[in-house]
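Whatever order the structure lists ligands and atoms in, that order sets their numbers, starting from 1. What you see is a predicted model, and the numbers here were worked out from it, not measured in a lab. Heavy atoms only: backbone and side chains are in, while hydrogens, waters and symmetry mates are out.
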Amino acid sequence: MITIHFIAADGRATSVQGKPGKSLMEAAVAAGIDGIAADCGGLLTCATCHLHVQEPFASSLPPPDGEELGMLEFTAAPRNAASRLSCQIKLTPALDGLTVQLPATQY
Ligand code: FES
């Protein structure tokens with residue numbers, strides 16, 4: 001298991017355990033993290049699993065593919081260079097300590 005830190009829009013931090021091989025979205029939903037809706041269940045059709053990945057992890061992740069980039073056009077909260085869809089981030093041991101910022105809204 002690896003540790004993931006979710007920072008809510010109000011600054012509140014929650015640390016959860018995630019299993020390598022699962023997606024970041026799945027770890028968030030399993031832990032009941034508010035702010036990740038994941039309406040499509042990871043099918044890359046909703047953009048309600050949007051979050052911002054903090055460094056140094058943002059730079060070390062594989063970049064978003066064309067489908068993720070296309071869906072990132074539909075995030076409710078403003079998108080920035082650190083924006084990702086959490087259903088497209090696969091957890092690996094190298095991501096232990098991953099810290100992500102949740103947007104204020106997914107709708
Ligand atoms: S859960 Fe729908 S795009 Fe990620």
Side-chain angles (χ1 to χ4, degrees):
M1 300 293 261
I2 64 169
T3 301
I4 307 157
H5 308 287
F6 291 91
I7 313 295
D10 65 2
R12 189 170 33 92
T14 304
S15 299
V16 308
Q17 297 294 300
K19 187 174 182 183
K22 296 289 190 182
S23 73
L24 176 56
M25 176 277 282
E26 289 172 315
V29 169
I33 294 293
D34 285 338
I36 295 292
D39 287 345
C40 77
L43 296 176
L44 199 51
T45 58
C46 74
T48 64
C49 63
H50 174 216
L51 44 69
H52 305 282
V53 180
Q54 291 190 355
E55 294 295 354
F57 298 98
S59 301
S60 66
L61 288 172
D65 64 16
E67 286 187 61
E68 183 180 352
L69 284 172
M71 192 50 61
L72 279 166
E73 298 290 331
F74 299 98
T75 59
R79 175 184 171 191
N80 65 23
S83 287
R84 297 296 301 261
L85 296 179
S86 57
C87 68
Q88 301 302 301
I89 296 175
K90 182 158 286 196
L91 300 179
T92 67
L95 293 179
D96 190 28
L98 176 66
T99 304
V100 296
Q101 184 91 38
L102 298 165
T105 182
Q106 296 286 5
Y107 298 102

Where [X] and [Y] come nearest, the two heavy atoms and their spacing:
| X | Y | result |
| --- | --- | --- |
| Gln106 | Ala76 | C-CB, 3.4 Å |
| Asp65 | Glu68 | OD1-N, 2.8 Å |
| Val16 | Ala31 | CG1-CB, 3.5 Å |
| Thr105 | Ala77 | O-CB, 3.6 Å |
| Phe57 | Gly97 | CE1-O, 3.4 Å |

Could you see if Leu85 belongs to whatever hydrophobic cluster contains Leu61? Use Ile, Leu, Val, Met, Phe, Trp, Tyr and a side-chain cutoff under 4.5 Å.
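Each belongs to a different hydrophobic cluster.
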Indicate if the distance from atom 2 (Fe) of ligand 1 to the nearest N, O or S atom of Cys49 falls below 2.8 Å.
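Short answer: no, not a single N, O or S atom is under the cut-off.
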Return yes when at least one N/O/S atom of Cys40 is nearer than 2.8 Å to atom 2 (Fe) of ligand 1, and no when none is.
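Cys40 does place an N, O or S atom closer than 2.8 Å to atom 2 (Fe) of ligand 1.
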Protein contact to atom 1 (S) of ligand 1 [nearest heavy atom, distance to 0.1 Å]:
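Nearest protein contact, heavy atoms only, for atom 1 (S) of ligand 1 is Gly42 N, 3.3 Å.
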Could you list the atoms of ligand 1 found under 4.0 angstrom from a heavy atom of [X]?
| X | answer |
| --- | --- |
| Ala38 | 1 (S) |
| Cys87 | 1 (S), 3 (S), 4 (Fe) |
| Thr45 | 3 (S) |
| Leu44 | 3 (S) |

I'd like to know if Asp39 contacts ligand 1, where contact means a heavy-atom distance under 4.0 Å to any ligand atom.
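Not so, Asp39 does not reach ligand 1.
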Any N/O/S of His50 under 2.8 Å from atom 4 (Fe) of ligand 1?
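No, since none of the N, O or S atoms of His50 sits under 2.8 Å from atom 4 (Fe) of ligand 1.
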Heavy atom under 4.0 Å from ligand 1: found in Ser86's side chain, backbone, both, or neither?
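Under 4.0 Å from ligand 1, Ser86 contributes no heavy atoms.
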Tell me if a side-chain donor or acceptor on Thr75 pairs with a main-chain N or O of His50 at a distance below 3.5 Å.
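No; zero donor-acceptor contacts below 3.5 Å.
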